[in-house]
Amino acid sequence: MHEYSLVRSLLRQIATIVQEQEGGVVRRVRLRVGTFAGVEPRLMEIAFRELVRESPFSAAELYIEEVPLVGRCEDCALDWELPPDNFLCPRCGGSRVRVMSGEAIELVELELGRE
Amino acid sequence: MSTTIVVNQDVRAELRARAAAFRQRMTAQGTLVVNLVSSPGAGKTSLLQQTALALRDRAKPAVLVGDLATERDAERLAPYLPVAQLTTGGACHLEIPLVETGFDRLNEPCPDLLFIENVGNLVCPASHDLGEHLRVVLLSTTEGDDKPGKYPKMFRTSHALVITKSDLLPHVPFRVDAAREDARKIQPELSLFVTSSYPAEGIAAWCDFLLETLVRLRTGVLPPERK
């Protein structure tokens, strides 16, 4: 269960951004988590709730949007949603697939409140 | 009043940049970095012992050993090759900062092959770049041939699959073909090796693969990055 260490990375990332913005109260944190990112969104939320309390951003709420695993076949150009256990193209059987989305754990945006 | 700051950056960006820098440094000094991953008890330490023996006189290996709390694996490996222990303090996976400090403690600044024995776990280590050139997943015949489909991220991000404990094949319902087929649906480019450590079998082909990859690295041809 590595979600705690990912949330610690996220909190460091937020701290850097808040510093660049010269302060403000973090109200919302929007994350995009791919279904093939190797992360369980519910565990990410639990870890966030616990770790954010001891951070300077204790008022922040986390919103997670899940992103499906989508591939593009380099041979026949089909775009399709991949099942995690089969990366072969369902149309031509090709094995050269480019993953278009579903692998990232991305901080999308922060909402900062100012007094 | 509130403002929205658009970021669009991966949470692992900082650690990934450090991993990429470590990989670049190792490439520049001609060290091939191999991250060994598997479930607990698949035989990473035994494979490393046999690999170090087989590589003797042909290459200079070293190893960074990840462990939750003990130094048992480091003690097993010390007679075979230079070792530095990475104690994760209970964490289920290694991250690049531990690898960097472990490498600095290693009594061998310029090995030909730097192995990283990850924590036994087929889930979390899949998401963490340790600056390796090669990720190698071990699958022992006692675990079952259905593991690739159950832990697809680990197999997807690996370059090679080493099936271990082949000496037990007559006694367990493990089909090498089924594991290979299952794994290559997830990662078609996966190289496959079938090995046993007691007695040592299939080790030569595995070592040849490592040495060939090392030669290619030194001529500027790196294995594709998989994340």
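In the text below, chain A, chain B and the rest are named by the order of the sequence lines, each starting its count at 1. This is a predicted model, so every value here is computed, not measured.
At most 12 heavy atoms of other shown residues, nucleotides or ligands fall within 6.0 angstrom of atom CZ in B:Arg72. Surrounding CD of B:Gln29 are more than 12 heavy atoms belonging to other residues, nucleotides or ligands, all under 6.0 Å away. Remark: B:Gln24 CD is loosely packed, at most 12 non-hydrogen atoms of other residues, nucleotides or ligands lying under 6.0 Å away.
For B:Pro188, the part sitting under 4.5 Å from any heavy atom of chain A is the side chain, from C-beta outward, and nothing else. Both the backbone and the side chain of B:Gln9 come within less than 4.5 Å of a heavy atom in chain A. Heavy atoms of A:Val97 lying under 4.5 Å from chain B belong to its backbone as well as its side chain. In this structure, chain B has a heavy atom under 4.5 Å from the side chain of A:Ile17, while its backbone stays farther away. Contact of A:Ile14 with chain B is not made at all, since no heavy-atom distance falls under 4.5 Å. For A:Arg96, no part sits under 4.5 Å from any heavy atom of chain B, backbone or side chain.
Remark: side-chain polar atoms of B:Asp10 are paired, donor with acceptor, to backbone N or O of A:Ile105 under 3.5 angstrom. Judged by distance alone, the side chain of B:Lys185 and the main-chain N or O of A:Asp85 form no donor-acceptor pair under 3.5 Å.
Minimum interatomic distance between A:Leu107 and B:Val11 (heavy atoms only, all atoms of both residues): N-CG2, 4.2 Å. The two atoms that bring B:Val6 and A:Glu109 nearest to each other are CA-CB, 4.0 Å, heavy atoms only. Closest of all the heavy-atom pairs between A:Glu111 and B:Thr4 is CG-OG1, 4.1 Å. The heavy-atom pair separating A:Ala37 from B:Ser127 by the smallest distance is O-OG, 3.0 Å.
For the pair B:Arg156 and A:Phe87, the cation-pi criterion (under 6.0 Å, within 45° of the ring axis) is fulfilled.
A donor and an acceptor atom, one from each side chain of B:Glu95 and A:Ser5, are located under 3.5 Å apart.
Inter-residue side-chain proximity for A:Glu103 and B:Thr157 is flagged as unmet; no heavy-atom pair is nearer than 4.5 Å. Side-chain contact check for A:Leu112 versus B:Ile5: some heavy-atom pair is nearer than 4.5 Å. Contact annotation: the side chain of B:Asn121 never approaches that of A:His2 to less than 4.5 Å [non-hydrogen atoms, C-beta and beyond].
Between the CG atom in B:Asp182 and the CG atom in A:Asn86 there is a gap of 9.0 Å [rounded to 0.5 Å]. With values rounded to the nearest 0.5 angstrom, A:Arg28 atom CZ is found 8.5 Å from B:Ser2 atom OG. In this structure, OG1 in B:Thr3 is found 7.0 Å from CD in A:Gln21, a value given to the nearest 0.5 Å. Atoms OG1 and NZ, from A:Thr35 and B:Lys153 in turn, are 9.5 Å apart once rounded to the nearest 0.5 Å.
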B:Glu14 vs A:Gln13, test: side chain to side chain contact (heavy atoms under 4.5 Å, CB included). Steps then yes/no.
CA-CA 8 Å; B:Glu14 187 199 334; A:Gln13 197 180 9; over 6 Å; no

